[in-house]
Structure formats: structure tokens, C-alpha cells
Amino acid sequence: MSGNKTNEGFKMLIRYKKAYEKIAMGLLSFMPNEKDLKKLQQTIKQYETDDKWQLYLWKDEDITGLIGVAMEGDVIEIQHISVNPSHRFQGIGKSMVQSLKQLHEDKKIVPNAHTAAFLKKCDEQNPDA
Ligand code: COA
């Protein structure tokens, strides 16, 4: 039988919650600077406890991506961005950056050293977004 189809085709960023901890840690671990388990645990803990740190997950049918930011005044720094390897090169990374910009239209979005390369790529392909 068909399931609930109301969300079919609906792709969006959702806020992290504890129920997503395992999948979030799996996605975070694809970041080159989050390979160490202790570091990874500290990072997820800070996303759970620090109001200035916000973690979002990309929800399609499954959760396929993650984007994590630090807010400081009018500036939002993208600290982590990661897509499940089976779902890469389909535009999810770019869609997450785009959606983040839409969620925070009034803020300036900047990369950090660990996300700059991909953010540069997004800007090159979509400079006005
Ligand atoms: N730096 C620069 N460009 C990158 C990149 C990187 N680290 N990783 C992928 N790209 C480019 C691809 O070459 C591709 O280029 P093209 O459009 O010219 O073909 C484009 O980004 C793909 O865009 P998109 O499909 O929107 O990205 P994605 O959904 O595959 O996700 C990442 C991109 C970076 C999130 C994904 O590769 C990933 O999870 N990497 C591991 C985590 C990581 O290193 N994050 C920090 C990146 S600086």
C-alpha cells in the first residue's frame, strides 16, 4: 500500500535533535577535521548545548546531508557541511547552502577554513544567491 505522500518531493533543512544523533555523527565524520571520535563527540555536544551553534539536516526521503553553523551577531559561519557519499554530485550540498541563506536572509554567511573550498564553488556557480 502507498504510504503518506503529503511530503513527497519535499526537501528541506530541519533542525537537529537528539533523535538524529547517530546519523548526524555519521555525516559529521566525513569532514576531514572530524575524524577523531573524541573531537566528533565534543562537536556534536556543542551543537546540542551552545545556542550559537546550530546544526541542520537535509531531509529528502532520508536524511542525506548536514550543515552546521556558528552565529555571531549578523554573521553566520558555516563550520561543517557534509553529504552522504551515496548522494553526492546531485546538488544537495548547494541546496543546503541556498536554503541556509533563505533561512537567514538578513545575515552574512561566511565559510571557515574547513568549508571555504566548497563555499567558493557555490559562489562561483551562483554568485547572486
Ligand atoms: N571543495 C570544492 N568543491 C567541491 C568539494 C570540495 N571539498 N567537494 C565537492 N565539490 C564540488 C564537486 O566537484 C562538484 O563540482 P561540479 O559542480 O563542478 O561538478 C560540486 O561540488 C558538487 O556540488 P553538490 O552536488 O551540490 O555537492 P554535494 O552534494 O556532492 O556535496 C560536499 C558536497 C563537499 C558537502 C561533499 O562532497 C562532502 O560531504 N564532502 C566531505 C565533507 C567535506 O569535506 N566538507 C567540506 C568541504 S570544503
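Indexing begins at 1, ligand by ligand and atom by atom, following the structure's order.
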Asks: When you measure from the side chain of Lys39 to the backbone N and O of Asn33, does any donor-acceptor pair fall under 3.5 Å?
Replies: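 Yes: the side chain of Lys39 pairs with the backbone of Asn33.
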Asks: Assess Arg15 against Tyr20: is NZ or CZ under 6.0 Å from the centre of the six-membered ring, and within 45 degrees of the ring's axis?
Replies: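 Cation-pi check for Arg15 and Tyr20: fails.
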Asks: Between Thr115 (side chain) and Pro111 (backbone), is there a donor-acceptor pair under 3.5 Å?
Replies: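 Such a contact is absent between Thr115 side chain and Pro111 backbone.
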Asks: When Ser82 is tested against each of Leu27, Leu28, Thr64 for side chain to side chain contact (heavy atoms under 4.5 Å, CB included), which residue passes?
Replies: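 Looking at Leu27, Leu28, Thr64, the match for Ser82 under the side chain to side chain contact (heavy atoms under 4.5 Å, CB included) is Leu27.
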Asks: Can you name the residues that come within less than 4.0 Å of ligand 1, going by heavy atoms only?
Replies: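 Within 4.0 Å of ligand 1, protein side: Phe30, Met31, Pro32, Ile81, Ser82, Val83, Arg88, Phe89, Gln90, Gly91, Ile92, Gly93, Lys94, His114, Thr115, Ala117, Phe118, Lys121, Gln125.
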Asks: Could you walk me through whether Glu34 and His80 pass side-chain hydrogen bond (donor to acceptor under 3.5 Å, both in side chains), step by step?
Replies: CA-CA 9 Å; Glu34 298 289 349; His80 299 99; 2.7 Å; yes
Asks: For atom NZ of Lys35, is the number of surrounding heavy atoms from other residues, nucleotides or ligands below 6.0 Å larger than 12?
Replies: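 Yes - once you tally the heavy atoms of other residues, nucleotides and ligands closer than 6.0 Å, there are more than 12.
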